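The model shown is predicted, which means the values in this text are computed figures rather than measured ones. Numbered from 1 within each chain, the chains take letters A, B, ... in sequence-line order.
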Amino acid sequence: MIEAKILEKTCEAVKTLYGYVLNPDSIGLENTKKEIAGDFTIVVFSLLKISRKSPEATATDIGTFLQLNMPEIASFNVIKGFLNLVLSDAFWMNFLVQNSLTPGYGCQPVRDERPVVLEYSSPNTNKPLHLGHIRNNLLGFSLAEILKANGHNVVKVNLVNDRGIHICKSMLAYMKWGNNETPASTGIKGDHLIGKYYVLFDRHYKEEIQELVEKGIPKEEAERRAPLIVEAQEVLRRWEARDPETTELWKMMNGWAYEGFDLTYKRLGVDFDHIYYESETYLLGKDLVMEGLAKGALVRKEDGSIWADLTNEGLDEKLLLRADGTSVYMTQDLGTAQLRYDDYRPESMIYVVGNEQNYHFDVLKRVLARLGKEYSDHIFHLSYGMVELPEGKMKSREGTVVDADDLMEEMFQTAEETTRELGKANELSGEDALVLFNTISLGALKYFILKVDPKKNMMFDPKESIDFNGNTGPFIQYTYARIQSLLKKAATAGHLPENAKISPVQALLPAEKDALKRMYNFREAVAQAGKEMSPAIIANYAFDLAKGFNQFYQEMPVLKEEDMDKVNLRICISKFTGDIIRRSMNLLGIDVPERM
RNA sequence: GGCCCUGUAGUUCAAUGGAUAGAACGGAAGUUUCCUAAACUUUAAAUCUGGGUUCGAUUCCCGGUGGGGCUACCA
């Protein structure tokens, strides 16, 4: 790691020049800006108190010392308090040789055998997946890939919310108006069929409420007393009592949902190592609560209900067990956290869940801490923002939800149209063309979502997402395909030996050097992304790299036979750029086609 | 009311406390004998507001203000 060496030598310089022992962490070291000559920049302003000299003089002192004591540093320049270090061509050549021969470029070896348990997706079985789930799934899957590259074992888990009042609503509607239809009899995908009944329930429920309100009953009361909701609650009671008929229907309808989800997951390219079902875990957590009560970490109120009093931590009181002994969502989540910990003994547990549950996870961690669970410090809520549409927020009742399956299909069709218009698919067989359209359309969707900082709410404009120009997945895929094509051509022309040797080129073209720097930076970005857990960093680097390659290519002069040395070097750079683009796309879970 | 997140070109997004705040789309003007124009070049255009900390603030702190979320004995 050259940065570490620069820091170490800088400390040495400060000690030699000014007789002061410096902490390496206090030095500002960064990548030099693109427009300025240099590779790394030391910001010396913070050293002025020690040197008691002007910024320029201090930077020059240190630069001179470093140049004398580090063979990797070819030269330096000083602009105000910025010391820009220029690394030698030999360093970059060596970097290229070393890394172009390393298969797992940018990867770290496994550092901890204990896994990271990563929960994502977590669907409800009463309706199909929508755009919000897509953001969740893509973030979860990408994060898993990035964590793996950073030396973690990852267990991807999905907690399916397969019980509760919502599925009972769909079941009730099906009993009333279903006519025994099935996905097979209707040709409707299972999850969509269930969604249909959920919507049907909601419509009739609304009508009932309206009727009651017209009779002069207050709205809240009407919502509680409407016959349909009362009946749905009865279904839930029967389910909890394990009534055979109800259980049978529940199993059948959930089966439909799973079949549908599997297709959606498969198309999106995400998967799981283990699936937890809430129907099997919803009773967990009571023991933990009773244990906590015995330890005095929790309190029992007069009516018998049990609470966590978090008022001294700036939060409210949180109910954990009702007076009748039944549990709530939080109780259940305490239980599943413990179950997950017992199952895997993980180094950490990550939950990819939307930011509307920030408070929930805050409380979850605090309660676990009170219960003496040291693993609560290793729970991380990857909270992501909502996906908004140009027309406003997604509301299922107003029909403004973007369905995941519909969206992928639309993207596919647009990819096909655009590609055919440009004549890119003319030479492809029917099957190859379908694979290509699928790769491009999903690349567009995934990249569009992942390039945005997860924390922020984002705007999803379907029209813009299928634009294949600019900072988009297809642009990066296209660049990669071009590189592959270039390499193929070089190989057939005999310019690409088995292990392309790098010849002793004395001076790199500026664009070549820039290309190498981008690669170096990318490796750092991967390491950083592990810490920051941000696919957005990887995504934006991938674009930067793709754009850089295109510029590099434009700058490349026409090559002649006698320039074989340079040909080899450029082939190596192209190959390496291609490797990194593929790698970054893989980290994000985006496929790249060999040709377009 | 309280708590959390957020406010950057016309739009969608970037920017470990650093240099002239970057891209992309859209607008204006150009470029194709090389591998593939799904590309490249040039150009106009932005940090919500008022304080504070700092050699230096889009970034950190405090106040205001716009947007979003949470504040259920739902999950």
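Q554(A) has no side-chain polar atom (N or O) that falls below the 4.0 Å cut-off from OP1 or OP2 of U41(B). Taking only side-chain nitrogens and oxygens, R366(A) never comes nearer than 4.0 Å to OP1 or OP2 of C3(B). Contact between the side-chain N/O atoms of K33(A) and the OP1/OP2 oxygens of U20(B) is not found at any separation under 4.0 Å.
The listed nucleotides are G18(B), A14(B), C25(B); the one nearest the side chain of K456(A) is A14(B). Of the candidate nucleotides C73(B), C70(B), A24(B), C73(B) has the atom nearest to the side chain of W307(A). Relative to the side chain of S305(A), the nucleotides A14(B), C73(B), A39(B) differ in distance, and C73(B) lies closest. The side chain of Y478(A) sits closest to A37(B) out of A14(B), G68(B), A37(B). For Q357(A), the listed nucleotide lying nearest its side chain is A75(B); candidates were A75(B), A19(B), U36(B). Across C34(B), A14(B), G68(B), the shortest atom-to-atom separation from the side chain of M386(A) is found for G68(B). Proximity note for I440(A) (side chain, C-beta onward) versus C74(B), A38(B), G18(B): the nearest is A38(B). Listed nucleotides: C55(B), C35(B), U41(B). Nearest to the side chain of K49(A): C55(B). Candidate nucleotides A75(B), C4(B), C35(B) were compared by shortest atom distance to the side chain of N358(A), and C4(B) ranks first.
Comparing M458(A) and A546(A) by the nucleotide of RNA chain B whose heavy atom lies nearest to each, the residue mapping closer to the 5' end is M458(A).
No contact: Y282(A) has no heavy atom under 4.0 Å from any strand. When heavy atoms are screened at a 4.0 angstrom cut-off, D544(A) is found touching no nucleic acid atom at all. Counting non-hydrogen atoms under 4.0 angstrom, D316(A) reaches the backbone sugars and phosphates but no base. Nucleic acid contact class of A481(A) (heavy atoms, under 4.0 Å, all strands): base. Residue contacts shown for I36(A) include a base, since a base heavy atom lies under 4.0 Å away. S383(A) comes within 4.0 angstrom of no nucleic acid atom, judged by non-hydrogen atoms across all strands. K455(A) comes within 4.0 angstrom of sugar-phosphate atoms only, judged by non-hydrogen atoms across all strands, and of no base. Among the protein residues, E30(A) comes within range of the nucleic acid bases, having at least one heavy atom under 4.0 Å from a base atom. Across all strands shown, E278(A) has heavy atoms under 4.0 Å from sugar-phosphate atoms exclusively, and none from any base. Within the 4.0 angstrom heavy-atom criterion, base atoms lie near L29(A). Counting any heavy atom pair closer than 4.0 Å across all strands shown, K424(A) reaches a base atom. V328(A) comes within 4.0 angstrom of the backbone, heavy atoms only, and of no base.
Under the stacking criterion of a centre-to-centre distance below 5.5 angstrom and an interplanar angle below 30°, F82(A) sits stacked against the six-membered ring of A19(B).
A salt bridge is absent between K80(A) and E56(A): the closest approach of a Lys/Arg side-chain nitrogen to an acidic carboxylate oxygen does not fall below 4.0 angstrom.
U6(B) sits 16 Å from U49(B) when the C1' atoms are compared, rounded to a whole Å.
Across every strand in view, U11(B) sits in a pair with A24(B) that passes the Watson-Crick or G-U test at under 3.5 angstrom. In this structure U59(B) sits in no base pair that meets the Watson-Crick or G-U test at under 3.5 Å. Base pairing of A45(B): no nucleotide in any strand meets the Watson-Crick or G-U wobble criterion (both distances under 3.5 Å).
Note on ring orientation: taking the six-membered ring where Trp is involved, the planes of Y541(A) and F522(A) are perpendicular (angle over 60°, cut-offs 30° and 60°).
Cation-pi geometry between R482(A) and Y553(A) is met: the NZ or CZ atom falls under 6.0 Å from the ring centre, inside 45° of the normal.
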Going through the checks in order, is the side chain to side chain donor-acceptor pair (under 3.5 Å) test met by N126(A) and S170(A)?
CA-CA 6 Å; N126(A) 63 326; S170(A) 293; 4.9 Å; no
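The interatomic distance linking F549(A) (CZ) with C40(B) (P) rounds to 11 Å, in whole Å. Residue N469(A) contributes atom CG, which lies 16 Å from atom C1' of G27(B) at whole-angstrom precision. In this structure, L486(A) places its CG atom 10 Å from C1' of U36(B), rounding to the nearest Å. The distance between atom CG of L319(A) and atom C1' of A72(B), rounded to the nearest whole Å, is 10 Å. We find that CZ of R135(A) is positioned 12 Å from C1' of C13(B), with the value rounded to whole Å. Look at OH on Y541(A): it is 14 Å from P on A23(B), rounded to the nearest Å. When the C1' atom of A14(B) is taken as reference, atom CG of L545(A) falls 16 Å away, rounded to whole Å. At whole-Å resolution of the value, CG in N471(A) and P in G26(B) are 13 Å apart.
The environment of E427(A) atom CD is sparse: at most 12 non-hydrogen atoms of other residues, nucleotides or ligands sit within 6.0 angstrom.
Partner of F543(A) under the ring pair (Phe, Tyr, Trp, His ring centres under 6.0 Å) criterion, out of Y447(A), F549(A), F475(A), Y480(A): F475(A) alone.
Annotation: the span from I27(A) atom CD1 to I62(A) atom CD1 amounts to 8.0 Å, rounded to 0.5 Å.
Judged by atom type and distance alone, T418(A) does not reach the base of A38(B) through any side-chain donor-acceptor pair under 3.5 Å. Contact annotation: side chain of N84(A) to base of A19(B), donor-acceptor pair present below 3.5 Å. One N or O donor and one acceptor, one from the side chain of D303(A) and one from the base of C73(B), sit under 3.5 Å apart.
Using modelled atom types and a 3.5 Å distance limit, the side chains of H360(A) and D333(A) yield a donor-acceptor pair. At a cut-off of 3.5 Å, with distance as the only test, no side-chain donor of N158(A) or Y276(A) sits close to an acceptor on the other residue.
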